[in-house]
Amino acid sequence: MHEAPTTLSNYRKQIDEALGDDFLRRTLDTFAVAYKANRESVFSEIDEHGLIKQIADAKDDACRHMEELYEKFKEEAEKRGAHVHRAKDADEANEIIARIAKENNVKRVVKSKSMTAEETQLNTALEKEGLIVDETDLGEWIIQLRHEGPSHMVMPAIHLSRYQVAKNFEEETGQQQEAEDVQKLVKVARVQLRRKFIAADMGVSGCNFAIAENGGISTVTNEGNARMVTTLPRVHVALVGLDKLVPTIDVALTALQVLPRNATAQRLTSYVTLISGAVQCNAEGAPDHKKILHIVFLDNGRTEIAKDPLFSQIFRCVRCGACANVCPVFRLVGGHKMGYIYIGAIGLILTYFFHGKDKAKVLCQNCVGCESCANVCAGGIDLPRLIREIRARVTDEQGGGAQAALLASVMKNRKLFHSLLKFASKAQRPFTGGTQFQRHLPAMFLGKHGFKALPAIASRSFRDRWPQIKPRPQAPTMKVAIFSGCAQDFVYPEQLEAAVKVMAAKNIAVDFPEEQTCCGLPVEMMGQRKTSIDIAKQNIDAFDASKYDYIVTLCASCASHLKHVYPKLLEDDMQRAEAQAFAEKIIDFSSFVHDKLGMKPEDFNNSGEKVTYHASCHLCRGLKVKDAPRALIADAADYVPCAEEDVCCGFGGTYSMKFPEISGTLMNNKLKNIEETGASKIVVDCPGCVMQIRGGAEKNKSKVKVQHISELLADNLKNKEDAGK
């Protein structure tokens with residue numbers, strides 16, 4: 001069992017330890033790459049999005065009718081000889097199970113893998129009562145021998161090598177083991193566990209689905225251990241979260257089409273077991289040759305969560321672990337540093353509700369915001385939004401720290417924020433040496449952030465350049481506004497200038513409302529919700545959406561935040577209609593150029609230069625834009641695909657400041673993949689990614705040039721000299 005970090009500095013030490021574990025890194029890297037390819041293959045046969053919507057709708061309906069389903073389940077299960085209990089919290093659930101053991105003179109207990117039992121810390125409670133408790137899932141048994149918690153919801157011992165396992169088996173059996181022969185190790189486990197199955201008086205299982213129509217419970221496993229646990233001992237206790245209730249077996253079977261595909265990229269798991277009522281049992285001491293079946297439903301806050309209009313969606317979770325499988329942070333540090341009991345994105349949320357704010361306050365910060373989890377969730381849960389909401393609640397309840405509060409107060413005041421940036425552009429001169437990087441910044445100011453070169457603020461912002469470069473087309477074909485975002489306005493104005501040149505070539509009227517400010521994503525990620533809402537209102541007021549055909553932004557992060565988050569931030573506000581109208585006009589630059597302007601190869605002089613691409617997280621997942629940028633690169637140059645193009649570069653805005661160790665590692669992985677393409681240039685759709693990758697390339701003395709896609713297109717535009725005249 002690992003402890004949840006209580007301070008950020010303590011957590012960073014734990015992260016350093018995980019990053020130094022070469023075996024963990026190799027194992028999770030191999031798994032992540034294989035999982036993605038295999039998952040894509042098994043989902044190609046079915047309607048993934050249609051099934052996920054079915055599951056989400058069914059689970060949402062079950063959540064709304066939780067009490068009715070519980071009563072129906074209890075009635076049907078008791079008809080069939082089961083005993084149904086309800087526990088208000090973890091302690092009561094453990095007490096009920098301990099009492100069942102005592103009443104039935106139980107000495108030995110075998111368990112199949114159950115995250116709900118991990119939630120209640122059942123093993124510890126039963127052992128305090130003098131019972132011998134043995135895990136029987138291979139991975140769970142191994143970590144029990146090591147006195148650890150699971151590092152993954154489906155693969156609990158994924159963090160361990162065969163040599164570590166062999167050593168644990170030697171200590172358990174007193175016999176030397178052959179670490180190189182995995183199958184022999186499995187046989188050793190099988191022999192040991194069979195003895196435990198035979199000797200056990202009581203079996204404890206979890207439950208994937210509790211089916212109200214027949215009072216039945218279902219388990220889904222790959223090893224068959226759950227069947228042994230639920231059939232051999234004379235007493236069977238199932239510990240079930242109230243969120244596992246579903247109305248019919250059809251709902252469970254629908255979810256089973258997605259669960260194994262998402263968990264382990266299998267079409268179907270090896271064992272799907274359905275138990276309805278107290279079945280025949282010939283174990284010694286079984287009354288009337290019938291199984292003694294107890295089903296304990298755990299609340300532990302679930303009924304309150306079910307009433308929450310936002311967080312009730314967490315009950316769509318089928319515990320597949322996919323949110324960890326695709327998480328770039330989990331891939332680096334593993335589950336013991338990416339959760340408390342529950343692992344991955346869903347674990348960051350469940351920790352807050354099931355185990356307390358004190359255990360969640362640091363963990364919930366360790367999300368880079370790449371949205372990979374939402375992209376694969378079997379229940380369609382908006383995990384990134386819920387994690388941001390947890391941060392906001394923790395900040396409201398406990399404060400977000402002086403640094404975050406200061407930044408929020410500055411960003412809330414547009415004029416002050418912009419004045420400070422302009423002042424910084426002059427004050428930085430001794431540190432830049434006239435270059436686009438902070439070359440002479442003392443190392444004491446960098447600390448762990450020295451993994452990349454920091455950019456210089458532009459000597460003149462885009463808003464200061466705008467009067468001179470504004471196009472003045474005759475009879476324009478459409479009118480658009482530019483949302484610049486703070487990075488391109490004050491750090492990379494050349495990216496916006498390039499975009500204006502491309503749009504002017506197509507006779508587009510372009511406007512730049514100067515009352516606009518930062519999109520607010522950085523303060524939203526820090527949990528500063530009130531400031532986030534204030535900034536959203538400022539930007540909505542700055543743009544009269546009705547005047548424009550589109551509002552174009554060159555920052556994928558800004559685009560996703562403006563389009564998807566603003567309407568949610570203001571859904572209970574008087575400006576909700578304005579927020580929706582504003583959001584509907586937002587479009588990213590690549591989609592605008594490719595889909596709306598319809599630019600084709602004949603609009604460019606193809607340079608023939610080998611150019612690769614990094615798919616910014618909020619573009620490829622937040623906005624679901626995949627083809628447009630790649631097609632445009634191929635129009636203007638020789639597009640060379642890059643390995644893991646859509647894996648996060650590690651920037652994440654304020655995340656890279658808070659967790660530089662992880663940010664830097666993700667960046668270096670990205671640079672390695674870029675170098676292996678042989679391309680001389682990489683283009684991206686987000687200034688944050690430019691900042692991260694260009695800064696890393698500069699630090700590592702890489703010759704690969706890093707550009708925004710607008711610059712590539714403007715550089716290779718036909719008749720570019722005439723654009724904007």
Side-chain angles (χ1 to χ4, degrees), residues 36 48-49 52 310 313 322-323 326-329 345 348 367-377 379-389 391 483-488 518-526 532 535-536 539 550-571 579-580 582-595 613-630 644-656 666 670 683-693 708-709:
K36 183 179 177 182
E48 176 184 354
H49 299 296
I52 287 173
L310 178 60
Q313 65 182 289
C323 58
V326 298
C327 175
V329 178
L348 302 185
C367 168
V368 73
C370 71
E371 303 198 11
S372 294
C373 53
N375 214 43
V376 300
C377 178
I381 305 170
D382 191 349
L383 292 161
R385 181 186 182 187
L386 299 189
I387 292 170
R388 292 196 304 271
E389 183 66 30
R391 287 177 182 161
F483 183 89
S484 65
C486 43
Q488 284 167 322
C518 170
C519 70
L521 179 58
V523 289
E524 174 71 12
M525 292 294 284
M526 289 189 296
S532 179
I535 289 173
N539 282 320
Y550 299 98
I551 300 171
V552 182
T553 178
L554 279 70
C555 176
S557 299
C558 289
S560 182
H561 189 64
L562 301 172
K563 194 171 190 69
H564 298 314
V565 180
Y566 272 24
K568 293 171 183 174
L569 287 175
L570 299 175
E571 62 188 352
Q580 190 60 46
F582 174 79
E584 287 171 358
K585 293 293 178 73
I586 297 294
I587 189 170
D588 68 279
F589 177 74
S590 286
S591 295
F592 179 70
V593 172
H594 185 266
D595 301 340
Y613 176 63
H614 163 63
S616 302
C617 296
H618 291 100
L619 189 75
C620 67
R621 285 180 287 275
L623 298 172
K624 311 295 184 190
V625 175
K626 298 180 181 179
D627 297 332
R630 292 175 173 89
E644 299 196 277
E645 278 186 348
D646 61 352
V647 173
C648 183
C649 69
F651 181 62
T654 53
Y655 183 87
S656 63
L666 289 170
K670 179 64 63 175
V683 298
V684 301
D685 279 89
C686 186
C689 299
V690 171
M691 192 178 296
Q692 179 84 340
I693 299 171
H708 192 279
I709 194 169

For [Y], does its backbone N or O pair with a side-chain atom of [X] as donor and acceptor, under 3.5 Å?
X	Y	answer
Tyr566	Cys519	yes
Arg385	Leu310	no
His618	Gly369	yes
Gln313	Asp382	yes
His708	Leu554	yes
Lys670	Cys649	no
His564	Gly622	yes
Ser560	Ser557	no
Asn539	Cys518	yes

Distance, nearest 0.5 Å, that separates [atom1] of [X] from [atom2] of [Y]:
X	Y	atom1	atom2	result
Leu619	Asp646	CG	CG	11.0 Å
Cys323	Leu348	SG	CG	8.5 Å
Cys555	Leu521	SG	CG	8.0 Å
Tyr613	Cys620	OH	SG	7.0 Å
Ile381	Ile52	CD1	CD1	10.5 Å
Leu623	Lys563	CG	NZ	7.5 Å

side-chain contact (heavy atoms from CB on, under 4.5 Å) between Cys617 and Glu371, worked out: CA-CA 7 Å; Cys617 296; Glu371 303 198 11; 6.0 Å; no

Trace of the side-chain contact (heavy atoms from CB on, under 4.5 Å) decision for Met691 with Val684: CA-CA 10 Å; Met691 192 178 296; Val684 301; over 6 Å; no

What is the minimum heavy-atom distance between [X] and [Y], and which atoms define it?
X	Y	answer
Thr654	Met526	OG1-CG, 3.9 Å
Cys370	Arg621	O-NE, 2.9 Å
Ala583	Leu562	CB-O, 3.7 Å
Ile709	Pro629	CD1-O, 3.7 Å
Pro567	Gln580	CB-OE1, 3.5 Å
Ser590	Asp685	OG-OD2, 2.5 Å

So do [Y] and [X] actually touch side chain to side chain, heavy atoms under 4.5 Å?
X	Y	value
Val329	Tyr655	yes
Leu666	Gln692	no
Cys373	Pro384	yes
Val523	Ile535	yes
Phe651	Cys689	no

Audit row: Arg388, Ser532, side-chain contact (heavy atoms from CB on, under 4.5 Å) steps and yes/no: CA-CA 11 Å; Arg388 292 196 304 271; Ser532 179; over 6 Å; no

Test log, rule side-chain contact (heavy atoms from CB on, under 4.5 Å), inputs His561 and Thr553: CA-CA 11 Å; His561 189 64; Thr553 178; over 6 Å; no

Salt-bridge contact Arg630-Glu645 (side-chain N to carboxylate O under 4.0 Å): yes

Over 12 non-hydrogen atoms of neighbours within 6.0 angstrom of NZ in Lys626: no

